[in-house]
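Following: one structure in C-alpha cells, then a few remarks.
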Amino acid sequence: MIKKYPLDELSTALGRIMGLLLTEEKVDHAVQHLSRAVRDSIPGTLGAGVSMLDPHARPVSSGSTDSVVERADALQYELVQGPCLTAWATQESILIHDVATEARWPNWSAAVVDLPIRSVISTPLIADGQAIGAMKIYAASPGAFEDATAALMELFASPAATLLSHIQTAETPERISDSLQSALYSRDLINRACGILMERHTITEDSALQQLMRQARATRSTLMEVSAIVLAGVASDPRRGSSDGLR
C-alpha cells in the first residue's frame, strides 16, 4: 500500500520537483532530477525513469535511477511492447499489480521475469495535447502500487511535462508561458477539489483523489478539468452536493 499523502505534503513534493526542474536548462539534467524526486516521493519505489525521444526519434530511457530500470526499459524498446510504450502511445496511465501474472505484454513480462520488478506504473508526459514521453516507477513486490499511486504520478507528470517540453525547445525558465503557469498551479485546483469531496462525502484524501481519477478516466478528461467542475459546482450552488457528478 502507498503512503497516505496529506494534501500539503503532496504540494510540497510537487513544489520540490518543479523547483528542481526550473533550475535546469538541459533536458537530461532535468529528467535526472525528476526521476530521483519521484522515486524518493513514492514509498516502495525501487527505481524510476523517463522515456523520451532521442535526436534520431528513437525512444530512450533518461534519468534512470537504477540499472534495473534501464534494463526493463531496454527490453520494451527491443520487443516494441510494454507498459511504458503503451502509456506513451495511448496517453493513459498503466498500472501493473504483478508482472508475473500480467498478460497484456507477454513477451516483455517473460523477458523481465528474472529482474526484481513486480509492480509498475507508467504515466504519459503530455504537453500541449501531445505525449512527449512517459514516466515510470518500478517496485520489487507485487501490489506495491494502487490507483491512488497512479493519480499521484499524473499530478507529478502534468507540470513536469510542460517544463520538459519548454526545456526541449530551448526556452529558458524566464520565458515560461501562460500555459506552463497554469500547469504549475493545477495541483492547487486539484487539492481544493479533493478537500470539497472529503467534506461533502466524509471520505479520506486518498478516496477523494481516486474519485477524481475515476471520473477523469470515465469522461476522458484531465484531473484538472474534473477538479474545475467540482469547484464550479460549489461556486454556483454550495448546497448542491452532487453537482460535480462524483458520488
Side-chain angles (χ1 to χ4, degrees), residues 1-3 5 9-24 26-54 59-77 82-88 91-99 102 105 108-109 112 115-127 131-165 167-168 187:
M1 300 295 288
I2 67 166
K3 179 180 180 181
Y5 264 78
E9 186 173 350
L10 174 57
S11 291
T12 298
L14 282 164
R16 175 170 173 261
I17 292 174
M18 294 308 100
L20 289 170
L21 293 182
L22 281 168
T23 63
E24 294 294 344
K26 293 185 178 180
V27 69
D28 56 343
H29 294 162
V31 170
Q32 288 176 359
H33 285 314
L34 173 62
S35 298
R36 291 170 186 165
V38 169
R39 177 198 61 190
D40 295 342
S41 297
I42 301 180
T45 299
L46 169 69
V50 172
S51 293
M52 302 183 76
L53 293 178
D54 69 7
V60 295
S61 293
S62 181
S64 299
T65 62
D66 190 280
S67 60
V68 172
V69 177
E70 295 179 353
R71 181 55 183 156
D73 286 354
L75 287 169
Q76 291 194 61
Y77 308 147
C84 190
L85 294 179
T86 298
W88 190 342
Q91 299 190 18
E92 294 183 355
S93 293
I94 299 296
L95 169 61
I96 299 178
H97 293 290
D98 191 349
V99 171
E102 178 57 60
W105 309 278
W108 180 78
S109 295
V112 300
L115 296 179
I117 292 175
R118 296 292 294 275
S119 299
V120 182
I121 292 180
S122 294
T123 300
L125 293 167
I126 301 174
I132 64 171
M135 177 171 62
K136 80 296 303 270
I137 55 175
Y138 295 116
S141 60
F145 306 134
E146 55 188 24
D147 285 346
T149 324
L152 181 62
M153 285 281 285
E154 290 170 1
L155 291 181
F156 287 147
S158 177
T162 309
L163 279 166
L164 291 175
S165 176
I167 295 172
Q168 278 189 316
R187 67 179 185 271

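For the single chain, residues carry numbers from 1 onward in sequence order.
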So, taking the atom named [atom1] in [X] and the one named [atom2] in [Y], what distance separates them when rounded to the nearest 0.5 Å?
X	Y	atom1	atom2	value
Thr45	Ile42	OG1	CD1	5.0 Å
Phe145	Ile96	CZ	CD1	11.0 Å
Thr123	Leu95	OG1	CG	9.5 Å
Tyr138	Cys84	OH	SG	6.0 Å
Ile121	Met135	CD1	CE	9.5 Å
Glu70	Thr65	CD	OG1	9.0 Å

Is there a donor in the side chain of Trp105 and an acceptor in the side chain of Thr86, or the other way round, less than 3.5 Å apart?
-> yes
Pair Ser93, Glu154: side-chain N/O donor-acceptor within cut-off below 3.5 Å | yes
Grab the two heavy atoms, one from [X] and one from [Y], that are nearest each other, plus how far apart they are.
X	Y	value
Glu146	His97	CA-CE1, 4.4 Å
Asp73	Ser51	OD2-OG, 4.1 Å
Val50	Leu125	CG1-CD1, 3.6 Å
Ala144	Ser119	N-OG, 3.1 Å
Ala157	Pro124	CB-O, 3.7 Å

Polar side-chain atom of Trp108 near backbone of Ala72 as donor-acceptor pair, under 3.5 Å = yes
Got a donor-acceptor contact below 3.5 angstrom from the Ser35 side chain to the Gln32 backbone?
-> no
Would you please name every residue forming a side-chain hydrogen bond (donor to acceptor under 3.5 Å, both in side chains) with Arg118, sequence neighbours left out?
-> Asp98
State plainly whether the residues Asp66 and Arg39 are in salt-bridge range, i.e. N to O under 4.0 Å.
-> no
Side chain to side chain contact (heavy atoms under 4.5 Å, CB included) partners of Gln91, counting only residues at least two apart | Ile126, Ala131
Side chains of Gln76 and Pro83 in contact at under 4.5 Å (non-hydrogen atoms) = yes
Any side-chain heavy-atom pair of Val120 and Val99 under 4.5 Å | yes
